[in-house]
Every structure is written in structure tokens, then in C-alpha cells.
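Inspection log for the structure reproduced underneath, given as C-alpha cells.
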Amino acid sequence: MNAEILKSIFNEFDHKSKYLSYSELNSGHINDTFLVKTISGKNFVLQRINHNVFKNVPGLINNKVLISNHLKSKFSHLSNEDLTSKVLCFVKSKNTDHYYYKNGENFWNMMIYIENSVTHEIVKDKEIAYEGGKLLGQFLNLTSDFDSRKLVDVIPNFHDMSFRYRQYASSLQSASKIRLLKATEYTKIVAGLKEEMHILQQLKEAGEIPVRVTHNDTKISNSLFNKENKSVCMIDTDTIMPGIIHYDFGDAIRTICNAAAEDEKDLTKVEFNIDYYEAYKKGFLEQTKDSLSEIELKYLPLAVKTMIFIMGLRFLTDYLNNDIYYKTDYPEHNLDRAKNQFKLIESFSQKLTNTI
Ligand code: GN1
Ligand code: MG
């Protein structure tokens with residue numbers, strides 16, 4: 001990214017600061033994210049939103065701002081400074097939208113950077129797992145009185161299993177012979193788990209599990225912690241939409257309890273950590289148990305399996321589609337991610353059966 005261009009985009013926002021420098025943040029698989037430092041020492045996160053993935057960027061930004069404002073209203077007792085370290089605060093562009101867009105180019109949005117915070121790609125401490133569970137529980141509690149119908153579906157059917165199976169089925173039709181061959185072992189797993197992997201969706205559709213505001217991308221690297229390992233704030237709110245708590249619980253556990261990174265190739269390192277599962281669940285339930293129904297509680301373990309699976313399925317589909325969705329660093333990156341997730345399911349199933 002050219003620094004002059006980035007600076008000029010930064011200056012489209014109403015930040016009242018003077019640009020100093022930028023660096024790229026490890027931003028995940030879809031958007032591009034930059035940390036911008038200013039002369040006064042106030043720092044910002046400037047983000048280019050991938051509009052091939054997110055078809056309705058103004059709707060997405062509106063969702064994020066609505067939830068940010070809702071959270072701010074819950075922390076109204078805090079000073080402005082404390083508030084900006086508890087809630088993602090978005091900065092308006094000079095034309096007063098919460099995004100900057102130049103015709104035919106990209107959408108950008110900007111947040112105040114939360115100082116003294118760290119993220120974890122891999123969890124190596126039970127306390128972090130516990131704190132992570134508390135943070136998600138708090139987030140779900142604080143947003144539980146927000147009418148989720150006011151949010152747009154930024155990616156329709158995002159965690160809908162039938163939709164993901166349909167995408168997968170069409171990727172099987174168009175995949176190259178060589179990619180199909182490399183995926184064979186996993187296509188069998190996908191076929192074998194089909195029925196079980198639809199249970200949560202069926203309960204949702206039958207109205208047995210309530211729909212509410214959910215984050216939908218709760219991997220642990222989307223939670224900020226302070227240097228004393230206390231949880232601070234959930235970030236990456238692009239996919240906030242109506243959903244069920246199982247999406248958020250399961251996706252968080254998928255990353256917290258994997259002893260390896262999501263794309264670790266050495267599958268012997270991919271192991272489900274049951275202690276972290278218990279610690280996360282403890283933190284989560286301390287916050288939410290009074291508001292969850294029996295059926296919601298009953299299906300937490302299945303949520304874990306389902307969310308690990310849906311990510312494996314999506315990575316596999318993208319591999320079969322020649323890597324058109326996720327950013328990849330090498331040709332088999334998506335296949336490695338898929339293998340990793342399927343190995344994690346295996347380990348999860350073993351560990352959980354042994355403890356119950
Ligand atoms: C994507 O871009 P990032 O890393 O925040 C994906 C999530 C996956 C995640 C896997 C919009 O999130 O659903 O869980 O990769 N986001 C979208 O790491 O597809
Ligand atoms: Mg994300």
C-alpha cells in the first residue's frame with residue numbers, strides 16, 4: 001500500500017489529527033486493515049472493506065455503528081477515554097457517513113485504536129480462555145435487548161448449513177480433477193456428517209432456538225485482551241447480524257481450543273484442548289446461564305462441532321473453487337485449512353466422549 005494514498009484516504013475522515021505513519025495489521029482473510037499513527041499519539045485503525053465479499057457495505061457499516069452506539073449507551077457512566085477502550089468507536093468521514101467511498105474504488109471505514117491491547121492467534125493460557133468466554137457472554141448480554149431485525153444480513157445465509165452444502169455441491173461440479181483428487185478423503189467426511197450438521201439449523205428454523213444479535217466471527221483473534229490477560233473488547237464487528245448463540249460459542253471454541261493455528265499443516269499439532277473448553281464455557285455461562293434456555297444449553301457441544309465443520313466445509317469449497325474467496329498464501333492453503341478443521345473435529349469428538 002502506497003503511504004501517500006493511505007494518508008489521503010485517512011484524511012478523508014474527521015479525526016482532527018496529523019498523519020504520522022502506518023503499518024499493516026494482521027487482518028484476517030477478507031479485508032485489509034492498517035494501523036495509522038498520528039503526531040499527537042492518537043492511533044486509528046483504517047480498514048478497506050472487501051466489497052466482493054460484502055455486497056452491501058453501507059448496510060454493514062450501519063450495523064456496526066448501530067451496535068457500537070447501543071454498547072456505548074450501556075457504558076454511559078464511563079469517561080470518554082474509558083469508553084473508547086471498551087467499545088469500538090467509529091470515526092465519521094468528512095462527508096458525515098461512517099465510511100469513505102470513491103466511485104468505482106473501495107469502501108473504507110475507521111475506528112479509534114484501542115491502546116495497550118493484544119490479540120492471540122493461539123491460546124496458551126486457561127485464563128485467556130476463561131476471559132474470552134466472559135467477554136462473549138457480556139457482548140451477548142449487552143446486545144440482547146437490541147432488536148436484531150434492525151440489522152441487515154450482511155452475508156445472507158452466512159452460517160446456514162444447507163446453503164454451505166449447496167455451495168460445496170456446486171464446487172464439486174466445477175473443480176479440477178487434481179483438486180478433486182486431493183480432496184477425496186474430506187468429501188467422504190462431509191457426506192457422512194451431513195445429517196448431524198443440520199440439527200442446529202433445523203432447531204433454529206423450527207423456532208426452538210431464539211434468533212438474536214450475534215457477532216458471527218468470534219475466533220479468538222477477534223477479542224482484545226490487556227497485558228494482564230483480562231478481556232477488553234470484541235473487535236471485527238463486520239458480520240454482526242441476527243443469529244443464534246451457538247454460532248458465536250462454537251466459532252470461539254474452534255479457535256481457542258485448537259492447540260495449533262487454523263492453517264497449521266502438521267496435523268499432529270492439531271489437538272482439542274478440553275481444559276480451555278471448560279474454562280471458556282465457565283466464563284461464558286457465568287454471564288449468560290440465567291438467560292439461556294435448556295435447549296440452548298443442551299446444544300453447546302454440538303455447536304462446537306458444527307462451527308468447526310462449517311469452516312472446514314467453507315475452506316474445502318474455496319479450495320475446490322480455485323481460491324476465489326479467502327486470501328491464500330500458497331496453492332494448497334485452503335486445503336490445509338480444511339484438513340486442519342477436520343482433524344480438530346476428530347480430536348474434539350474423542351476428547352468430549354472421554355469426559356462425558
Ligand atoms: C473470515 O476475514 P476474517 O479472518 O475476519 C471469515 C470468517 C471465518 C474466518 C476464518 C466474512 O474472517 O467467517 O471464520 O475467516 N469471514 C467472512 O478464519 O467470511
Ligand atoms: Mg471477520
Side-chain angles (χ1 to χ4, degrees), residues 24-34 45 47-57 59-61 63-64 67-68 88 106-107 109 111 119-123 132 136 139 151-161 163-164 167-168 171 214-224 233-244 246-258 260-265 270 303-319 321 323-329 333-345:
E24 186 155 5
L25 291 172
N26 179 11
S27 59
H29 306 342
I30 311 283
N31 295 328
D32 301 304
T33 311
F34 304 91
V45 175
Q47 191 169 47
R48 176 167 53 201
I49 311 271
N50 180 332
H51 57 261
N52 292 320
V53 165
F54 296 109
K55 309 283 184 213
N56 176 5
V57 182
L60 171 154
I61 306 275
N63 279 3
K64 300 206 284 190
I67 294 299
S68 168
L88 273 187
N106 291 294
F107 285 91
N109 79 138
M111 293 140 269
T119 55
H120 302 279
E121 289 292 327
I122 302 178
V123 172
L136 175 63
F139 175 85
L151 302 174
V152 295
D153 265 329
V154 284
I155 300 186
N157 302 317
F158 192 50
H159 290 320
D160 182 297
M161 196 59 81
F163 171 67
R164 296 301 180 187
Q167 284 188 321
Y168 163 74
S171 76
T214 44
H215 181 285
N216 295 303
D217 191 8
T218 53
K219 59 181 176 184
I220 193 61
S221 55
N222 281 338
S223 289
L224 295 184
C233 175
M234 297 199 64
I235 57 169
D236 186 7
T237 50
D238 291 349
T239 46
I240 282 189
M241 288 181 272
I244 57 177
H246 301 83
Y247 298 158
D248 284 354
F249 181 82
D251 195 23
I253 296 286
R254 174 181 79 83
T255 48
I256 287 168
C257 298
N258 190 346
E262 182 183 72
D263 58 354
E264 172 61 59
K265 286 193 235 184
V270 177
V304 177
K305 187 166 179 182
T306 307
M307 294 312 289
I308 306 172
F309 175 82
I310 205 166
M311 295 307 162
L313 182 63
R314 289 175 59 198
F315 290 139
L316 188 66
T317 302
D318 201 34
Y319 174 70
N321 281 336
D323 314 316
I324 51 175
Y325 185 87
Y326 295 110
K327 290 182 192 170
T328 50
D329 297 336
H333 203 166
N334 271 320
L335 182 62
D336 285 337
R337 290 170 175 147
K339 287 180 178 176
N340 180 306
Q341 300 298 294
F342 293 125
K343 168 70 199 299
L344 190 63
I345 292 186

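Start at 1 and go down the list; that is how both ligands and their atoms are numbered.
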Would you mind reporting whether F54 and I61 have side-chain heavy atoms less than 4.5 Å apart? no
Passing candidate, side-chain hydrogen bond (donor to acceptor under 3.5 Å, both in side chains) with Y326, options R337, H333, R314: R314
With a 4.0 Å cut-off on N to O distance, would you call D238 and K64 a salt bridge? yes
Answer key: the N, O or S atom of D217 nearest to the Mg ion (ligand 2) is OD2
Can you find a non-hydrogen atom of R254 under 4.0 Å from ligand 1? yes
What part of N31 sits under 4.0 Å from ligand 1 if we count only heavy atoms: the side chain, the backbone, both or neither? neither
Atom 4 (O) of ligand 1: which of K219, E262, R314 has the nearest heavy atom? K219
Does D251 use its side chain to pair, donor to acceptor, with the backbone of M307 at less than 3.5 Å? no
For the side chain of N63 and the backbone of V152, is there at least one donor-acceptor N/O pair under 3.5 Å apart? yes
Need the ligand 1 atom indices (1-based, order shown) with element for anything under 4.0 Å from a heavy-atom of I30. 1 (C), 2 (O), 16 (N), 17 (C), 19 (O)
Among the N/O/S atoms of D236, which is closest to the Mg ion (ligand 2)? Give the atom name. OD2
Would a distance-only check, ignoring hydrogens and angles, find a side-chain to backbone donor-acceptor pair under 3.5 Å from K327 to N31? yes
Answer side chain, backbone, both or neither: which part of R337 comes under 4.0 Å from ligand 1, heavy atoms only. neither
Classify the contact between D217 and ligand 1 as side chain, backbone, both or neither, using a heavy-atom distance cut-off of under 4.0 Å. side chain
The single option from M311, H246, M161 passing side-chain contact (heavy atoms from CB on, under 4.5 Å) against T306: M161
For the side chain of T33 and the backbone of R48, is there at least one donor-acceptor N/O pair under 3.5 Å apart? no
Output the list of atoms in ligand 1 that are nearer than 4.0 Å to some heavy atom of Y325, sorted by atom number. 11 (C), 17 (C), 19 (O)
Can an N or O of D236 be found at a distance shorter than 3.5 Å from an N or O of ligand 1? yes
Give the numbers and elements of all ligand 1 atoms closer than 4.0 Å to a heavy atom of Y326. 15 (O)
Which protein non-hydrogen atom lies closest to atom 15 (O) of ligand 1, naming both residue and atom, and how far is it? H29 CD2, 3.3 Å
Show me which atoms of ligand 1 lie under 4.0 Å from any heavy atom of M311. 8 (C), 14 (O)
Between I122 and N258 the two heavy atoms that sit nearest each other are CG2-O, 4.2 Å
